[in-house]
Amino acid sequence: MSDSSDDDKPLAQARSDERVSKAADKALDKMAPSKGHTKPGISLANGPVTQTPGESVARPTTNGHTNGKRKASMTNGRGKSYKDASSSESDSDIPLTKRRKTSKVNHESSDEDQPLARTMPPKVTASQIGEESDSDVPLGQKLQKEKAAIEKKAEKTAKAMRAEEKKEATTKKTKRPVASDEDDDKPLIVKRKSKAAPARKTNSKKEESDSDEPLNKKAQAKKAKSKAVVTPAKKGKKAAKSEQTQEDIEAEEEEDGYRWWEDPSKGDGTKKWTTLEHNGVVFPPDYEPLPKHVKMKYDGVPVTLDPEAEEVAYFYGSMLNSTHNIENPVFNKNFFADFKEVLDQTGHGTDRNGNKVKITKFEKCDFRPIFEHVDAERTMKKALPAAEKKALKAKKDEVEAPFMYCMWDGRKQKVGNFRVEPPSLFRGRGEHPKTGKVKKRVQPEQITINIGKEATVPAPPEGHRWKEIKHDQEGTWLAMWQENINGAYKYVMLAANSDVKGQSDHKKFEKARELKKHIDKIRKDYNRDLKSDMMADRQRATAVYLIDQFALRAGNEKGEDEADTVGCCSLKFEHITLQPPDKVIFDFLGKDSIRFYDEVTVDRQVFKNLRLFKKEPKGDGDEIFDRLTTAGLNKYLGSYMPGLTAKVFRTYNASWTMSKLLQEMKSTGTVAEKVADYNAANRKVAILCNHKRTVAAGHAGQMEKLQDRINGIRYQQWRTKQMMLSIDPKLKKKKGAEFFALPKDISQEWVKEFQAALVEEIRVKIHKKFEKENEKRVADGEKEMKAKELEERLEVADELEAKYKAENKSGKVQPESKGATVEKMEQKLDSLVTREATMKTQSEDKENNKEVALGTSKINYIDPRLTVVFSKKFDVPIEKFFSKTLREKFEWAIKSVDENWEF
DNA sequence: CTGGTTTAGTCGGGCTCCCGTGG
DNA sequence: CCCACGGGAGCCCGACTAAACCA
């Protein structure tokens with residue numbers, strides 16, 4: 001979009017950078033999308049707005065089927081408009097998220113759903129569009145444009161300015177000049193950097209910024225109102241007890257039966273403990289040099305290395321099976337740089353004659369001897385008799401026993417990660433710039449111990465001392481150290497089944513539940529603010545919308561030396577593609593460099609906003625929400641409800657979704673079916689949260705096998721039909737030729753192969769049996785059967801082969817049993833059809849599920865009480881849903897709710 | 001920003017389930 | 001025909017630790 005009009009904008013407008021002028025809005029409305037191949041405006045003027053269903057084409061993980069279900073369930077969910085929602089309780093319950101995958105089917109409803117529609121600016125005609133778009137280029141745009149050309153350069157300057165104010169090289173975040181113009185507008189959101197820029201644009205706007213405030217204040221006021229979270233009433237101790245006995249069948253090592261979740265004194269406050277005793281940490285074993293005959297080769301020559309260097313070589317050598325890392329050039333580069341460093345310090349290596357070998361080229365290093373050795377040891381260990389394995393484990397357990405538990409306020413609690421992380425090569429994920437670097441051995445001198453004042457401080461290893469001893473009662477960690485690669489802190493904390501962890505987990509879900517009470521208002525507000533005059537507000541509203549609707553993460557800023565991943569607030573220009581009228585395609589790498597790809601339909605205003613936020617001079621690499629930070633966003637959210645932050649929306653939407661799905665469920669089938677239903681719901685939540693896993697190595701092969709089996713069944717169906725035909729040729733007319741045809745996707749070749757495979761299978765079996773029998777005979781002193789016998793036995797296979805051949809030739813199949821009747825064949829066909837169906841769903845499930853990870857949502861997002869309720873309501877043992885560790889982790893949930901509990 | 005806590009995917013081991021075999 | 005058993009493929013689970021979020 002070129003706007004010539006820029007120059008002439010009145011001052012008022014000029015400064016509007018921060019403000020979004022109505023004109024701008026309108027103009028945007030019609031402007032062709034950045035990529036727009038479509039004509040502006042046209043179509044949509046009146047069309048149903050927003051949220052119309054887009055198929056979520058993109059998610060490979062979601063199949064039509066699933067989608068369908070989703071849609072169905074959603075449809076009833078939405079009915080009221082946001083506006084109305086304010087008053088109606090029920091509305092509030094509908095997480096917007098659900099709407100994401102709505103399908104076209106919902107069209108009509110979407111209209112009324114869209115309260116927004118009403119608020120939308122009057123429709124514009126095509127002609128209008130034409131003119132307007134240029135003329136009233138609003139806000140910053142004008143400025144921008146003029147600058148546009150120069151911008152790029154200017155940008156640098158601006159950057160420089162900012163840089164000085166914020167010394168850290170903000171290189172990453174190329175702030176648009178625009179930003180600098182708009183600085184003042186954000187009283188609320190503090191993207192400080194811009195402050196530096198004032199020089200260029202005089203901001204006479206101080207007052208303006210004020211205007212922003214009111215809202216804020218309102219919010220603040222609101223905060224005051226917020227009600228205190230209700231602590232669960234404590235049940236009578238008696239009631240509790242009886243409950244317990246029943247449920248203890250589980251045979252947990254039931255301690256004192258203390259139920260912190262019923263203890264009002266727990267859960268709040270910053271002091272986490274009063275007394276704390278523990279035994280510190282377990283260090284990894286020292287490096288054991290490789291046997292003399294195992295050496296890495298350099299340029300084909302085995303070299304002896306100093307143990308310190310050898311250890312690093314060993315790190316690499318032992319992971320040769322991890323092609324994923326080994327084939328990553330960054331990994332190799334980082335590894336080798338660190339390797340060389342150790343080599344330099346230790347004098348490189350020597351050949352068998354003691355001559356020095358200087359290692360300078362990664363390519364000449366051959367770690368395979370090390371790998372082979374390691375691999376051999378692994379397999380040996382695996383092959384160890386069970387008894388020995390057990391003994392080894394017992395021994396290890398014994399050594400570690402003292403570290404496994406601690407005493408926390410006098411209660412025995414399991415420690416989570418009491419083992420200090422052993423040295424290794426850092427496996428940063430995605431395109432982590434530091435992946436492959438050597439993670440050094442942690443020395444006691446680096447470790448800080450946190451422990452009760454009265455407690456005995458665990459003794460550091462012989463000849464060592466701890467870095468520091470603390471008595472921080474506000475921390476929940478027992479020990480801590482800083483890792484050498486990113487300077488990250490590593491903490492030893494309690495296990496997930498501990499009281500503290502349970503308490504905070506409980507608190508987390510209660511917070512999410514509390515969000516229910518505010519969600520209406522929040523949605524109403526952001527829908528209103530989507531049109532705010534203040535750029536910052538508008539961005540914030542849009543961001544909240546995305547977080548709420550699509551379960552995006554907050555998206556904190558990241559540093560240069562981290563993988564380049566993003567979340568909502570850090571989304572960049574290239575991560576969003578706009579397709580008019582209201583379709584948005586997300587494509588970016590999120591946490592753990594997991595790809596987030598989704599094609600969604602959004603509110604029209606959101607669409608316009610995104611287009612605005614992407615306006616030039618922004619381009620690749622520039623942030624979409626340049627006025628927004630996670631801190632600012634969270635601060636805003638906190639005004640609705642104490643503790644409300646972006647991530648709470650994920651918990652809320654996940655649990656809410658699960659809750660709805662489970663409610664709608666009327667599982668009546670077998671336990672297995674109920675479990676399958678539950679898992680299906682779980683899967684939807686996982687998809688919502690974009691929880692993925694890498695597809696198993698053998699997946700494709702497994703699928704192929706499955707398909708072959710299915711086709712085998714279908715082929716047998718065909719044969720059965722042919723048999724029917726042989727019995728009663730008139731059937732062909734009755735049922736139609738189609739019925740008797742071989743499925744089109746099964747080729748003659750496939751049939752032949754399949755037949756051959758069957759025949760071969762039989763042959764192999766006969767052979768095997770024959771040989772075995774002979775072995776036995778020999779053992780018994782009898783004499784072996786002759787080859788002739790084998791041949792005779794093999795005749796069966798030959799006959800089968802001949803039969804197939806004949807069938808192929810004549811195209812007819814004779815019934816295999818004498819008493820075959822059409823009825824019997826029908827029956828057989830039925831069972832084959834059922835088998836096919838079963839297998840097909842199984843296969844589809846497998847395929848759809850191949851890259852969906854259910855665990856993460858189950859462990860972190862779905863309120864466990866929902867699962868407990870389901871378990872009770874449908875009488876399915878909780879073991880079907882929670883593994884042992886999860887049952888321990890969620891003990892508080894398992895023991896605290898009855899089947900009427902609601903999220 | 002540092003420091004502390006939650007969320008996340010991977011990996012390897014072992015368990016489960018299925019099948020064929022032999023009694 | 002039933003059952004125990006062995007073997008193997010897949011799947012589940014827990015351990016591990018990286019990577020988020022957030023005050």
Side-chain angles (χ1 to χ4, degrees), chain A residues 166 168 270 272 284 319 321-322 324-325 378 381-382 386 389 393 416-422 424 426-430 432 434-435 439 448 450 470 472 474-477 480 482-483 485-496 500-501 504-505 507-508 553-559 562-563 565-570 589-594 629-631 633-635 637-638 643-648 650-651 654 686 689-694 696-699 701-702 705 765 768-769 772-773 776 846 849 851-861 882-886 888-889:
Chain A
K166 207 182 187 176
E168 32 155 279
T270 45
K272 306 294 189 351
M319 58 190 291
N321 52 346
S322 171
H324 173 65
N325 290 301
R378 275 181 195 149
K381 215 168 155 192
K382 223 185 274 180
K389 268 191 203 165
K393 179 152 192 297
N417 54 331
F418 54 84
R419 292 183 198 91
V420 172
E421 293 176 14
S424 62
F426 174 69
R427 289 154 94 120
R429 299 168 190 163
H432 198 297
K434 293 187 177 178
T435 193
K439 188 167 89 174
T448 300
N450 192 33
K470 281 188 149 192
D472 180 2
E474 297 190 1
T476 67
W477 50 277
M480 176 264 274
Q482 209 164 2
E483 148 268 344
I485 298 192
N486 301 299
Y489 297 91
K490 300 286 192 160
Y491 296 87
V492 173
M493 295 191 197
L494 296 202
V500 241
K501 292 292 189 187
S504 69
D505 215 28
K507 210 160 117 194
K508 172 182 81 185
R553 293 189 183 82
N556 282 304
E557 286 306 316
K558 295 194 69 184
E562 296 178 88
T565 61
V566 300
C568 185
C569 295
S570 49
L589 297 184
K591 182 176 179 177
D592 291 307
S593 292
I594 295 297
T629 63
T630 52
L633 177 67
N634 284 338
K635 192 177 163 202
L637 292 174
L644 181 60
T645 61
K647 79 183 204 124
V648 178
R650 266 168 84 81
T651 313
C689 295
N690 200 42
H691 291 143
K692 294 191 184 169
R693 59 175 177 171
T694 57
H699 178 81
Q702 289 168 22
K705 257 192 218 164
K765 252 185 217 165
K768 262 195 194 160
K769 187 160 185 182
K772 233 175 186 176
E773 277 182 35
K776 196 168 176 222
K846 191 182 173 103
N849 211 20
E851 56 173 12
V852 181
L854 302 190
T856 308
S857 51
K858 196 188 272 191
I859 294 170
N860 299 301
Y861 288 104
F882 291 156
S883 67
K884 179 168 172 288
T885 40
L886 277 191
E888 287 170 8
K889 165 171 170 154

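Owing to the predicted nature of the structure, the values given are computational and were not obtained by experimental measurement. Here is how names work: the chains are called A, B, and so on, in the same order as the sequence lines, proteins then strands, and each is numbered from 1.
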Within the structure shown, what part of the strands sits under 4.0 Å from A/Lys705 by heavy-atom distance: base, sugar-phosphate, or nothing? sugar-phosphate

OP1 or OP2 of B/dG9 under 4.0 Å from side-chain N/O of A/Thr694: no

Within the 4.0 Å heavy-atom criterion, would you say A/Arg429 contacts the bases, only the backbone, or no part of the nucleic acid? base

Between P on B/dT6 and OH on A/Tyr491, what's the gap in Å once rounded to a whole number? 12 Å

Any chance you could measure A/Thr629, atom OG1, to A/Glu557, atom CD, to the nearest 0.5 Å? 8.5 Å

Euclidean distance, atom CD of residue A/Gln702 to atom P of B/dC18 [Å, nearest integer]: 15 Å

When we call it a touch if two heavy atoms are under 4.0 Å apart, what does A/Gly567 touch: a base, just sugar-phosphate, or nothing? nothing

Looking at every strand, decide which applies to A/Asp472 at a 4.0 Å heavy-atom threshold: base, sugar-phosphate, or nothing. sugar-phosphate

Output for pair (A/Cys568 SG, A/Leu633 CG), nearest 0.5 Å, gives 7.0 Å

Look at all strands and tell whether A/Ile859 reaches a base, only sugar-phosphate, or nothing, counting heavy atoms closer than 4.0 Å. nothing

Taking the nucleotide of DNA chain B with the nearest heavy atom to each, does A/Lys382 or A/Thr476 sit closer to the 5' end? A/Thr476

When all nucleic acid strands are considered with a 4.0 Å heavy-atom cut-off, which category describes A/Ala646: base, sugar-phosphate, or nothing? sugar-phosphate

Please work out if A/Arg427 contacts a base, only the sugar-phosphate, or nothing of the nucleic acid, heavy-atom cut-off 4.0 Å. sugar-phosphate

At under 4.0 Å between heavy atoms, what does A/Lys846 touch on the DNA or RNA strands: base, sugar-phosphate, or nothing? sugar-phosphate

Given B/dG14, B/dG12, B/dT7, identify the nucleotide with an atom nearest to the side chain of A/Lys389. B/dG14

Select one nucleotide: of B/dG14, C/dA15, B/dT7, the one nearest the side-chain heavy atoms of A/Arg419. C/dA15

Consider only side-chain N and O atoms of A/Lys558 and A/Thr565, and report whether a donor and an acceptor are under 3.5 Å apart. yes

Which part of the nucleic acid does A/Asn634 contact within heavy-atom distance under 4.0 Å: base, sugar-phosphate only, or nothing? sugar-phosphate

NA contact type, A/His691, heavy-atom cut-off 4.0 Å: base, sugar-phosphate, or nothing? sugar-phosphate

dist A/Thr476:OG1 -> A/Met493:CE (nearest 0.5 Å) comes out at 4.5 Å

Check whether any side-chain nitrogen or oxygen of A/Ser883 sits under 4.0 Å from OP1 or OP2 of C/dC12, and answer yes or no. no

Under 4.0 angstrom, heavy atoms only, what part of the nucleic acid is A/Lys381 near: base, sugar-phosphate, or nothing? nothing

For B/dT5, does either OP1 or OP2 sit under 4.0 Å from a side-chain N or O belonging to A/Ser504? no

Would you indicate which nucleotide in C/dC13, C/dT17, B/dA8 comes nearest to any side-chain atom of A/Asn860? B/dA8

Rounded to whole Å, CD of A/Glu483 lies from C1' of B/dG4 at a distance of 15 Å

Under 4.0 Å, heavy atoms only, any strand: does A/Met493 hit a base, just the sugar-phosphate, or nothing? base

Contact class for A/Thr630 vs. all strands (heavy atom < 4.0 Å): base, sugar-phosphate, or nothing? nothing

Kindly point out which of C/dC13, B/dT7, B/dG13 is positioned nearest to the side chain of A/Tyr861? B/dT7

Which of these nucleotides, C/dT17, B/dT5, B/dT6, is closest to any side-chain atom of A/Lys272? B/dT5

How about A/Gln702 and A/Lys846: does a side-chain donor come under 3.5 Å of a side-chain acceptor? yes

Whole angstrom is fine here: how far is it from CZ in A/Arg693 over to P in B/dT7? 21 Å

Sugar-phosphate, base or nothing in reach of A/Gly428, heavy atoms under 4.0 Å: sugar-phosphate

Identify, between A/Lys439 and A/Gly698, the residue whose nearest nucleotide on DNA chain C lies closer to the 5' end. A/Gly698

Identify which nucleotide among B/dT7, C/dA20, C/dA18 has an atom closest to any side-chain atom of A/Thr651, counting heavy atoms from C-beta outward. B/dT7

Please determine whether side chain to side chain contact (heavy atoms under 4.5 Å, CB included) holds for the pair A/Met480 and A/Val492, giving the CA-CA distance in whole Å, both sets of side-chain angles, and the decisive distance to 0.1 Å. CA-CA 6 Å; A/Met480 176 264 274; A/Val492 173; over 6 Å; no

Expressed as a whole number of angstroms, how long is the span from A/Gln482:CD to B/dT2:P? 9 Å

Comparing A/Gly416 and A/Phe426 on DNA chain C - which has the more 5′ nearest nucleotide: A/Gly416

Specify the separation, in whole Å, of atom CG of A/Asn556 and atom C1' of C/dA23. 11 Å

Would you say A/Lys647 reaches B/dT7's phosphate, i.e. side-chain N/O to OP1/OP2 under 4.0 Å? yes

Check whether any side-chain N or O of A/Thr885 sits under 4.0 Å from OP1 or OP2 of C/dG14, and answer yes or no. yes

Please walk me through it: do A/Lys439 and A/Asn486 pass side chain to side chain contact (heavy atoms under 4.5 Å, CB included)? CA-CA 10 Å; A/Lys439 188 167 89 174; A/Asn486 301 299; over 6 Å; no

Counting only side-chain nitrogens and oxygens, does A/His324 get under 4.0 Å of the OP1 or OP2 atom of B/dT10? no

Take atom CG of A/Leu633 and atom P of C/dC21, then tell me their distance rounded to the nearest Å. 11 Å

Donor-acceptor pair under 3.5 Å, A/Lys591 side chain vs B/dT7 base: yes

How about A/His699: does its NE2 atom have over 12 heavy atoms from other parts shown lying under 6.0 Å from it? yes

Rounded distance in Å - CG (A/Leu886) to P (C/dC12): 13 Å

Looking only at side-chain N and O atoms, does A/Lys635 come under 4.0 Å of OP1 or OP2 in C/dA23? no

Taking only side-chain nitrogens and oxygens of A/Lys558, does any of them come within less than 4.0 Å of OP1 or OP2 of C/dA20? yes

